[in-house]
Amino acid sequence: MPTQTLGAMQGQSMRITHVIDHAAREASGREIVTHWADGSETRTDWAGIRRDALKMAQALEALGIKPGERVASLAMNHSRHLVSWYGVAGMGGVLHTVNPRLFEDQLEYIVNHAEDRVLLYDAAFQPIVDKMKDRWTSVDHYICFDSGDHSPSFEEWIGEQDGHYDWYQGDERDPCMICYTSGTTGNPKGVQYEHRSTMMHAVAGLQPSAFNFSSGSVMLPVVPMFHAASWGLPYAGGMAGVKFVFSAVNDPAVLHDLMIREGVTDSAGVPTVWLAHFQYCDREGLDLPPLKAATIGGSACPRFMIERLMKNGTRVQHAWGMTETSPIGTVGGPTWDWDQLTFEEKVDKTAMQGRPIFGVELRIVDLEDMTTELARDGKTSGALQIRGPWIIRRYFKGETDATNSEGWFDTGDVGIIHPDGTLQLTDRTKDVIKSGGEWISSVELENAAVGHAEVAEAACVGMYHSKWDERPVLFVVRNEGSKVTADDIMDHLKPLIAKWWLPDAIEFVDDIPHTATGKISKKDLRERFSDYKLEG
Ligand code: ADP
């Protein structure tokens with residue numbers, strides 16, 4: 001008898017066409033609802049998404065698109081965008097979800113760098129297309145997702161096909177999607193996801209300690225499909241056969257109404273989305289929608305938000321990740337000791353960034369040498385590194401690996417790991433302030449400052465200091481009409497942080513610069529204040 005070296009299982013390759021086949025077979029009638037930019041609403045289901053994805057794959061082949069080539073989308077969340085997630089991958093192509101909020105130079109750079117051949121776009125972004133068309137050198141075909149005056153429209157274009165198509169069969173390590181980071185330093189960088197990495201990431205996302213999806217879930221993702229792969233939801237949702245409710249507009253009134261009308265149980269978005277939702281409900285005298293779970297990430301979820309959602313009976317899944325990590329790295333869910341915790345303790349824990357989902361490993365290392373591993377003691381902070389099957393190895397067209405020789409990727413974040421595995425982010429590597437050989441967390445200072453009722457926004461940066469190397473300076477945007485003084489804010493900070501962390505100066509500004517994805521841009525803030533001199 002010959003020795004059997006491989007196991008004896010079937011081992012189908014992990015290509016994401018399996019997800020849409022499964023969803024169409026097992027959740028065929030589960031609805032996919034879209035609220036479009038013009039206010040109209042349409043309904044399809046998983047079987048319909050697969051039917052259109054097959055036609056789209058054919059239509060792309062008819063245009064001469066080859067496996068491995070990039071097809072771009074410039075679009076909000078809707079069912080036709082979902083079709084593209086499966087249709088492009090189904091013919092072996094690579095979907096490049098372009099963030100329409102990027103600045104023009106970045107839009108030019110990423111489309112040309114990815115060498116996108118086709119661009120699918122929402123009519124709402126026609127002005128961007130008109131402006132950029134001459135600068136995008138590789139795009140041969142423009143197809144509008146909306147019908148109307150636009151020709152060809154997506155429906156016309158795929159309508160020419162009969163849908164008799166066999167999915168392209170390739171290797172599970174082939175690319176299926178590319179997302180660019182928003183480029184807080186230098187040009188944006190492309191992260192190319194594989195079929196296998198995407199599948200594994202989506203499977204991991206289904207866990208009870210992550211998204212906790214089932215076929216009964218009704219998911220309204222507010223996180224855009226153009227940002228960090230919409231946290232993998234379009235694929236995880238297909239695996240579980242959830243009902244999706246999409247909105248092509250991010251108006252809280254529309255989102256609220258959809259959540260109530262469609263029986264939404266789960267949602268996902270960055271904290272600002274919830275802020276807008278709270279404000280809307282307060283203005284209109286409405287209760288928050290009765291969601292079972294809200295996944296919040298992309299930036300730190302403030303305590304008051306967690307408290308309010310938890311009091312509403314909504315489980316808050318505070319997640320951390322980045323484009324380079326597909327993006328889910330950690331998710332907060334009830335830990336084993338949850339039932340023994342007080343409400344306050346639950347809020348404290350949820351304000352941290354959650355625990356790694358199975359598949360990824362996290363560690364913190366010394367900020368100076370970037371290799372010595374530090375204790376997971378809930379006290380020591382260090383540079384956060386990650387590795388796993390859906391973590392980047394190399395940027396698109398990069399010449400060297402983005403990881404060290406042991407596969408660790410440096411996230412650029414700084415954090416503490418607690419003994420139960422909970423990650424607590426404290427800063428970004430570039431932003432921690434080194435004062436007299438000790439580290440000060442700019443984020444903790446900011447969090448303390450925004451806790452003042454008259455502070456609308458705060459950003460803290462380290463400024464050169466002749467004696468201490470760097471000292472913190474806090475930039476504050478006051479609430480409208482507020483006359484709060486630097487002394488008032490200092491008094492507010494004193495009981496909250498160590499004395500030597502108190503900022504050397506508090507400066508009031510009209511606004512704080514943000515990146516295209518809405519995060520505070522300390523790079524721009526530092527540039528704006530490059531002539532700033534601290535006394536002493
Ligand atoms: P980009 O890196 O292009 O700005 P990403 O969405 O990939 O866009 O951003 C990832 C970064 O966002 C992380 O490295 C981290 O600094 C921050 N971030 C993500 N989630 C959280 C969170 N839950 N709490 C605090 N910061 C977060």
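Just follow the structure's listing: the first ligand is 1, and inside any ligand the first atom is 1.
- Contacts between Thr323 and ligand 1, counted as non-hydrogen atom pairs separated by less than 4.0 Å, involve both the backbone and the side chain.
- A cation-pi arrangement, defined by a distance under 6.0 Å to the six-membered ring centre and an angle within 45 degrees of its axis, is present between Arg308 and Phe278.
- For Glu115 and Ser138, the side-chain atoms include no donor-acceptor pair closer than 3.5 Å.
- Contacts with ligand 1 closer than 4.0 Å are made by no heavy atom of Ala228, backbone or side chain.
- The existence of a salt bridge linking Asp420 and Arg376 is excluded, since no basic side-chain nitrogen approaches an acidic carboxylate oxygen closer than 4.0 Å.
- Of the heavy atoms in Thr181, both backbone and side-chain atoms come closer than 4.0 Å to ligand 1.
- Defined by atom type and a distance below 3.5 Å, a donor-acceptor pair is missing between the side-chain atoms of Gln192 and Tyr395.
- Under a 4.0 Å N-O distance rule, the pair Arg478/Glu454 does not qualify as a salt bridge.
- Assignment of Gly298 to the shell around ligand 1 is supported, since a heavy atom sits closer than 4.0 Å.
- Checked against Phe529 for a side chain to side chain contact (heavy atoms under 4.5 Å, CB included), the options Val461, Val509, Val473 give a single hit: Val509.
- Contacts with ligand 1 closer than 4.0 Å are made by heavy atoms of both the backbone and the side chain of Met322.
- If you look at Ala319 next to ligand 1, the close heavy atoms, those under 4.0 Å, all belong to the backbone.
- Residue-ligand proximity, Arg428 to ligand 1, at heavy-atom distances under 4.0 Å covers atoms 14 (O), 16 (O).
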